[in-house]
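Encoded as structure tokens, the structure appears first; notes follow it.
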Amino acid sequence: MSRVDGLTTVREIGYATSLDEEQVESCLNRLESLGAIQYNGRSTGAATPKVERTATSAASPAQLQREDGSKTPAIPCAPSVEPSALEAPSDLDVARRREIIELYQQLELLDHYELLGVMRNADRRAIKTAYYDKVKVFHPDRYFGKDLGPYRTKLEQCFARLTEAHDTLASATSREEYDAYLDAQRETRELERMLSQSVTLEELDLLEERMLREFSGAASASGLIKSLSVPGPISSGPTVVDISESTESQKSNSLGKMSDDDRRRFLARKLRVSSASLRAAPRNSDPPSSPQSQAPSREQIAEQLRRQLAGAKREDQTRRIGDHVTAAGAALAANDPVAASNALRVAHSLAPNDAAIAEKLAHAQTLAAAALSDTYLRQGEYEEKSGRFEAAARSYERAARGKPSAQAWEGAARCLLEGQVDLRAAAEFARLALNLNPEQSAGHLLLGRIFLAAGMRSSAVVELERARRIDPNNDTVLILLKRIANSEI
Amino acid sequence: MERVIGIDLGTTNSCVAIMDGDTPVVIPNRGGYKTTPSIVAVTEAGKRLVGHIAKRQAITNAENTVYAAKRLIGRKWNSPQVRNALLSCAYTIIEGPHEDLRIKLRDKIYSVPEVSSIVLQEMKIIAEDYLGEPVTKAVVTVPAYFNDNQRQATKDAGLIAGLDVIRIINEPTAAALAYGFGKGYDKTVIVYDLGGGTFDVSVLEIGSHGVFKVIATTGDTFLGGEDFDLRIIDWLVEGFLEDHGVDLRQDRMALQRLRDASEKAKCELSSVNEAEINLPFIISTGRNEALHLQRTLTRTILETLTNDLVDRTIQITRQAFAEAKLTAREIDETILVGGMTRMPSVQRAVAQLFGKEPSRGVHPDEVVALGAAIQGAALVEDRHEMILLDVTPHALGIMTVGAHFEELIPQNTTVPTSRAKIFTTSRDNQTAVKILVLQGESQKADDNELLGEFVLTGLRRAQKGQVEIEVTFSINTDGIVSVNAKDLENGQAQSIQVTASSGLTPEEVKSMMHDAAEYMVERRSDEAFEGVRQNIETLVSQVESMFPEIERVVGGSDFGRDALAKAKAVVFHARDAVVRKDATLCKEQVDMLERTIRMFKGVVSRGG
């Protein structure tokens with residue numbers, strides 16, 4: 001949490017804490033829902049540079065614009081450059097060194113458009129102009145014969161990345177593919193965030209339980225418990241926690257989630273209750289409240305309150321379950337299986353014995369996984385083509401787990417092999433692929449190659465022989481078999 | 001500040017230029033010519049000749065005159081192009097170590113870069129003479145389609161010639177640079193470069209920010225003016241064979257004469273419709289009979305003989321703009337480079353392809369050198385009006401299972417560029433991994449050019465698959481490939497041994513550099529001496545011309561006889577000093593001769 005300072009982006013946090021983006025985002029979401037942090041209108045790190053940085057990078061990445069208003073923190077502001085990084089011996093002047101370091105730090109964080117400083121809908125001419133302008137600063141020839149010290153490799157990487165960005169966007173076909181990839185990435189992230197948000201509701205429930213346990217013995221519990229009961233107008237100050245309000249807003253939110261503000265307020269109040277003096281007037285006269293003796297015993301009060309609470313909770317819960325199920329139905333009708341499965345998951349946790357709900361949940365989850373799966377498959381294909389094998393393997397695996405297919409499993413296996421990442425997993429995935437599609441020589445060939453890479457020659461031969469039986473004319477298979485036979489590999 | 005020259009090292013002719021303020025200018029040689037033939041010869045006396053004088057004696061010294069070395073540079077002995085050259089070259093090409101080539105001139109064996117270095121050295125001298133100061137830095141051009149071996153060999157040639165080749169640039173790019181420098185154009189151009197031995201096509205974008213970006217480049221490194229000449233030679237030889245039953249190709253001198261005449265006729269036919277080829281006494285039959293060759297070549301015949309060559313260039317040009325994803329219409333300007341583009345059939349074909357006349361603003365023989373000079377100045381003088389973004393003309397990759405070619409860096413990738421790949425061991429305790437690096441467009445490794453076998457040696461002993469080496473393949477702005485390796489476990493640099501790649505080893509280059517440097521010193525002192533020698537010759541002939549007069553005036557007296565005897569002695573010593581090439585002695589003799597002349601003059605004036 002210390003990293004959230006209103007300026008650092010999600011990716012940068014991930015960069016700094018070595019978590020991947022999704023983990024960071026789910027943490028942030030949890031923190032947000034707990035009210036600990038706040039997204040400022042969805043554009044964290046808008047154009048306010050940190051105080052200690054002088055206005056050098058005026059025309060540089062700091063002024064990038066994101067017009068699509070996506071949930072990802074928008075303008076990745078140039079992170080501050082540590083003074084020591086500027087001091088290495090070099091022929092460059094300080095301003096230039098800063099420029100190079102600033103871009104270098106963001107190379108992995110920015111997409112092609114951001115890197116070049118253009119809008120998503122920029123035309124070819126704008127992209128070229130942007131590239132040419134940058135190239136005049138970052139091309140190695142600009143510094144011919146100079147000793148750049150440690151800045152040279154950074155400069156070269158900046159140039160390589162800029163060129164990659166330009167080349168991808170300059171050609172219509174590759175730009176289209178890249179745009180599709182960006183969209184797919186965004187989709188999967190959005191979907192995952194929505195999935196992970198369901199967790200917060202459960203966490204809220206847990207929190208609620210815990211608080212009850214903590215305060216059930218205290219005198220101040222009365223005020224608290226009353227306030228946790230059934231709907232009624234609030235007559236006290238801001239220290240009273242008002243579940244009604246939140247239930248109200250829960251109902252109004254078709255996805256069964258509270259609006260962000262409501263949730264925040266709800267939780268903030270809960271947290272403050274412990275220290276506040278509860279001057280709450282009784283909200284309404286509940287039937288179970290004790291009308292009799294002036295001074296009922298503490299235990300009696302507690303018992304009453306507990307019963308009260310239980311009853312209130314049960315009613316509440318039934319209502320909530322109903323709400324969630326309705327919401328799920330609406331979501332499915334609107335072709336949003338992920339939202340539906342969220343809602344149903346909460347309903348299921350509230351009523352674990354309800355078979356109907358369980359069935360609905362399973363159904364919605366299957367649909368959701370399938371929806372995600374296609375997107376992941378697309379993502380994996382693009383990443384594999386760009387040579388990012390580890391990322392591609394992950395995407396393919398997710399696709400396969402969502403909607404098992406030989407294609408997805410093979411993709412995962414292939415990328416794990418290509419990137420020399422994890423041969424054991426590669427073999428497992430290759431086998432899964434074969435299970436789904438056994439009469440394909442490519443599948444056997446792939447498994448064979450994985451075995452070879454792992455040094456398991458005899459297993460490799462078995463698979464290669466299978467491949468040969470299916471496709472007797474495959475050169476690669478024949479050559480591999482021959483080389484194994486000759487003990488060359 | 002040291003100035004950089006730009007050298008267009010052409011197949012047939014070379015040119016050198018330099019930046020003069022804001023304009024590049026071509027430097028003429030002593031004879032006033034702006035281009036110098038890329039011809040090297042060794043005379044019977046063992047004297048080295050370069051350029052025009054080498055060309056002039058090519059016929060009589062055909063076996064020991066090398067031309068078109070550029071067609072051989074960086075090639076392997078068993079390549080088809082070399083086989084081809086063996087058939088039609090008058091000079092001797094032999095096999096060298098590790099599949100390299102060597103050329104035999106008189107009793108000395110030269111590598112091809114050495115021969116080219118002699119031409120480069122000549123261009124260096126031309127520049128130094130003109131500028132009056134030493135020149136060590138140069139930008140040298142190569143055809144865009146040259147592969148890594150050819151580029152390395154050209155750089156070696158520069159080294160041997162004592163030049164620091166700060167950059168190798170592609171000829172079409174240089175031409176575009178000269179065309180667009182300082183003009184603020186915003187155009188897409190295509191450069192059609194048909195030179196003496198090579199053909200290149202490049203598609204470039206010239207931006208008003210001064211960025212010259214190559215989008216695509218392709219070509220044929222064995223297609224050029226020489227091939228057009230060969231067609232004419234074939235036509236003449238076959239005609240002669242039919243008429244006289246004699247194959248002129250058997251006689252090297254005849255072949256050389258044919259070459260000269262064919263080239264001349266070809267050039268003539270760019271401006272007239274008929275050219276006469278007249279070669280009397282072309283060959284003698286065994287029966288003491290001399291045969292003559294006389295034939296008229298018309299433009300129509302020439303075009304018929306060479307149509308397929310022109311078609312091939314058009315086909316390659318189409319490939320270029322297809323690769324650039326453009327249509328012919330989207331090209332704003334066509335720039336013609338190279339002497340062959342003067343030929344009407346070539347100009348017609350290009351105009352037809354693009355639907356418009358090619359640009360006339362550039363001099364096809366000089367534009368490449370001018371571009372090289374501009375780039376040289378830009379690099380060294382910290383000028384920032386322009387940046388060149390060139391591409392690599394061939395895909396780079398490695399050989400994999402099944403003799404397949406796995407591409408790592410695609411064709412037409414902007415340079416500098418690099419790509420890393422992780423290699424690992426397949427057996428326990430394996431200490432070496434071999435990688436074959438290739439360049440080319442075929443999916444089959446055998447059809448591509450082998451750049452070298454790179455062996456990662458001294459690997460850590462470990463279980464198979466445990467050692468991970470990251471190998472980085474880089475192509476720099478010269479278009480030259482380098483390979484570096486790093487052990488991922490500890491980040492240490494991994495040593496690589498390069499074996500089985502053609503070309504000169506560093507030791508060979510060093511020793512040739514030494515030879516070349518010695519030759520330079522020898523030549524310089526030769527030139528200095530030449531002045532002195534000529535002086536003595538003049539004085540000696542002056543003295544000798546005065547003998548009859550002296551004889552007449554004072555021949556009878558003792559004084560007279562004494563004087564003459566002394567004069568003759570001086571002449572003798574002077575001549576001797578010349579033969580010995582003793583500069584100091586010569587100087588003395590000059591003094592003596594001058595005194596003798598003064599004395600004679602005195603005698604004549606008093607006596608006569």
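Bear in mind that the values here come from a model prediction, so they are computed numbers and not experimental data. Throughout, protein chains are lettered first and strands after them, A, B, ... in sequence-line order, and every chain is numbered starting at 1.
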TODO: Kindly check if the number of other-residue, nucleotide or ligand heavy atoms within 6.0 Å of NZ (A/Lys136) is above 12?
DONE: yes
- [ ] Would you indicate whether A/Arg414, at its atom CZ, is surrounded by more than 12 heavy atoms from other residues, nucleotides or ligands within a distance under 6.0 Å?
- [x] yes
Open item on the list: Run A/Asp141 and B/Arg167 through side-chain contact (heavy atoms from CB on, under 4.5 Å) and show every step you take.
Closed with: CA-CA 10 Å; A/Asp141 271 358; B/Arg167 179 61 54 87; 2.7 Å; yes
Task: Contacting moiety of A/Tyr143, where chain B heavy atoms sit under 4.5 Å - done: neither
Open item on the list: Does any backbone or side-chain atom of B/Gln463 lie under 4.5 Å from a heavy atom of chain A? Answer side chain, backbone, both or neither.
Closed with: neither
Open item on the list: With a 6.0 Å cut-off (strictly less than), is the heavy-atom count around NZ of A/Lys385, excluding the residue itself, greater than 12?
Closed with: no
Task: Residue part contacting chain A, namely of B/Gln430, when any heavy atom lies under 4.5 Å - done: neither
TODO: Please report the closest heavy-atom contact between A/Tyr131 and B/Leu389, naming both atoms and the distance.
DONE: CE2-CD1, 3.9 Å
TODO: Might you confirm whether atom CD of B/Gln443 has over 12 heavy atoms from other residues, nucleotides or ligands at distances under 6.0 Å?
DONE: no
Task: Residue A/Ala454 versus chain B: region with a heavy atom under 4.5 Å - done: backbone
- [ ] Compare all side-chain heavy atoms of A/His139 with those of B/Thr414 and state whether any distance is below 4.5 angstrom.
- [x] no
Open item on the list: Just so I understand: if I count every heavy-atom pair under 4.5 Å between each of B/Thr413, B/Ile166, B/Thr400, B/Thr477 and chain A, which residue has the most?
Closed with: B/Ile166
Open item on the list: Under 4.5 Å from any heavy atom of chain B, what part of A/Arg161 do you find: side chain, backbone, both or neither?
Closed with: neither
Open item on the list: Within the 4.5 Å heavy-atom criterion, are B/Val211 and A/Lys128 side-chain neighbours or not?
Closed with: no
Task: Interface moiety of B/Thr417 toward chain A, non-hydrogen atoms closer than 4.5 Å - done: neither
Task: A/Glu428 atom CD, neighbour heavy-atom count above 12 within 6.0 Å - done: yes
- [ ] Side chain from CB out, backbone as N, CA, C, O: work out which of these in B/Leu379 comes under 4.5 Å of a heavy atom of chain A, or both, or neither.
- [x] both
Open item on the list: Using a 6.0 Å cut-off, check whether atom NZ of B/Lys183 has over 12 heavy atoms from anything other than its own residue.
Closed with: yes
Open item on the list: If you count heavy-atom pairs within less than 4.5 Å of chain B, which of A/Asp167, A/Thr129, A/Thr163, A/Thr173 leads?
Closed with: A/Thr129
TODO: Give, as side chain, backbone, both or neither, the part of A/Glu156 having an atom under 4.5 angstrom from any heavy atom of chain B.
DONE: neither
TODO: Under 4.5 Å heavy-atom distance to chain A, tell me which part of B/Asp186 shows up: side chain, backbone, both or neither.
DONE: side chain
